[in-house]
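Read the numbers this way: they start at 1 and go in the same order the structure lists the ligands and their atoms.
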Amino acid sequence: MKLNQAIILATITVLTAGTNAGITILEDGNSSASFDTVNGQYSWTVDGIEHLYAQEFYFRLAGDNDEANISTLDMIGQSASDTNGFSDTRLDALNTAYTNNAGLEIDTFFTLRGGTPGSGNSSITEQITLTNTSNSAISLSFFQYVDFDLGGDDTDDWGQIVDGNVAQQFDDEYAISETVVTPFPSAFEMGDYNVLSDYWNNGQIDNLNGDSFYQGDVAWAFQWDITLQAGDSFLISKNKSIVPTPASIALLTAAGLLGTRRRRA
Ligand SMILES: [Ca+2]
Ligand SMILES: [Ca+2]
Ligand SMILES: [Ca+2]
Ligand SMILES: [Ca+2]
């Protein structure tokens, strides 16, 4: 079991007081999404149900010995906005830009679209832009790390990577699907959050191992290996959707997939 959300919130409050970390809460329809400037997104609630433990972005420049959270870069600016005021006047989008002061800029843009109250549906679109403002090429690996605990618990979840660019996670009540619209990831990994969360800040280079199935406290990551020529930009575009799933269908699907894996083992 992991720390519950109450402890996480208390920790973030302390960090806020100590390091001037900002917290932004987006709201739309039946949903809210919360972000802090130290780690990234730490909450996604749909009809009051918490589904997300963490989503964080990491990078490793050529020559670095480990991956670092993009929040270790200098923040250029951050702004939340209302992109659908005609239907819901609350803030639903967050734009944050970072720089390493050596020509690399990383810009993240999240847009939350909640469903109607009681529907259990919600989606977030994400665009990450990496830009080289220097006069020489920059090579780096960029990582998205995400740990959903669907329905607020991690005990009944399983997940898979399909076709190298779609991550799916299920329990008996909910499903989350993330599609990397563009560009195709260089690598992926579906596994236990204990394993994946140790990749970052562990003092060594880690690359994702291509595992595509896990049952338990599921987490996943995508990796992009990039060389940005002078003046170039690299845009990563992703969509995430949470939907409720009829228990019978989810259980049948899980049973069928697990049966297949047993025969192969
Ligand atoms: Ca709005
Ligand atoms: Ca669950
Ligand atoms: Ca590492
Ligand atoms: Ca999890």
Near the Ca ion (ligand 4), is there an N/O/S atom from [X] that is less than 3.0 Å away?
| X | answer |
| --- | --- |
| Asp147 | yes |
| Asp157 | no |
| Leu150 | no |
| Ala219 | no |

**Request:** Return the orientation label for the Phe188 and Phe222 ring planes: parallel under 30°, perpendicular over 60°, tilted otherwise.
**Result:**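 Taking Phe222 first and then Phe188, their aromatic rings stand perpendicular (interplane angle over 60°).
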**Request:** For the residue pair Phe35 and Phe110, categorise the inter-ring angle as parallel (less than 30°), tilted (30 to 60°) or perpendicular (more than 60°).
**Result:** tilted
**Message:** Looking only at N, O or S atoms, which one in Asp217 sits nearest to the Ca ion (ligand 4)?
**Reply:** OD1
**Asked** Looking at Asp149, which of its N, O or S atoms is the nearest one to the Ca ion (ligand 4)?
**Response** OD1
**Message:** Between Asp92 and Arg113, does any NZ, NE, NH1 or NH2 come within less than 4.0 Å of an OD or OE carboxylate oxygen?
**Reply:**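 Salt bridge flag = yes for Asp92 with Arg113.
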Just give me the atom name: the N, O or S atom of [X] closest to the Ca ion (ligand 1).
| X | value |
| --- | --- |
| Asp88 | O |
| Asp92 | OD2 |
| Asp82 | OD1 |

**Asked** Taking the N/O/S atoms of Asp171 one by one, which is nearest to the Ca ion (ligand 2)?
**Response** OD2
**Prompt:** When you measure from the Ca ion (ligand 2) to each N, O or S atom of Asp156, which atom gives the shortest distance?
**Reply:** OD1
**Asked** Pick one: which of Tyr42, Phe170, Tyr174 meets ring pair (Phe, Tyr, Trp, His ring centres under 6.0 Å) with His51?
**Response**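 Per the ring pair (Phe, Tyr, Trp, His ring centres under 6.0 Å) rule, the option paired with His51 is Tyr174, out of Tyr42, Phe170, Tyr174.
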**Message:** With a 4.5 Å cut-off on side-chain heavy-atom distances among I, L, V, M, F, W and Y, is there a chain of contacts connecting Ile205 to Phe59?
**Reply:**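 No, separate clusters.
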**Request:** Tell me, with the steps shown, if Arg90 and Asp82 meet salt bridge (Lys or Arg N to Asp or Glu O under 4.0 Å).
**Result:** CA-CA 6 Å; Arg90 295 175 294 175; Asp82 168 22; over 6 Å; no
**Asked** N/O/S of Asn84 less than 3.0 Å from the Ca ion (ligand 1)?
**Response** yes
**Message:** Let me check your reading of the structure: within less than 3.0 Å of the Ca ion (ligand 1), is there an N/O/S atom from Arg90?
**Reply:**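 An N, O or S atom of Arg90 is closer than 3.0 Å to the Ca ion (ligand 1), so yes.
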**Request:** Start with the C-alpha distance between Ile236 and Lys238, add both sets of side-chain angles, then the distance that settles side chain to side chain contact (heavy atoms under 4.5 Å, CB included), and finish with yes or no.
**Result:** CA-CA 7 Å; Ile236 298 170; Lys238 304 189 284 98; 4.0 Å; yes
**Item:** Between Ser237 and Glu126: side-chain donor-acceptor atoms closer than 3.5 Å
**Value:**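 Ser237 vs Glu126: no donor-acceptor pair found between side chains.
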**Asked** Is the distance between the Ca ion (ligand 2) and the nearest N/O/S atom of Glu173 smaller than 3.0 Å?
**Response**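 Within the cut-off used here (under 3.0 Å), Glu173 places no N, O or S atom near the Ca ion (ligand 2).
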**Asked** Roughly how far, to the nearest 0.5 Å, is the CD atom of Glu27 from the CG atom of Asn30?
**Response**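 Going from CG on Asn30 over to CD on Glu27, the span is 11.5 Å.
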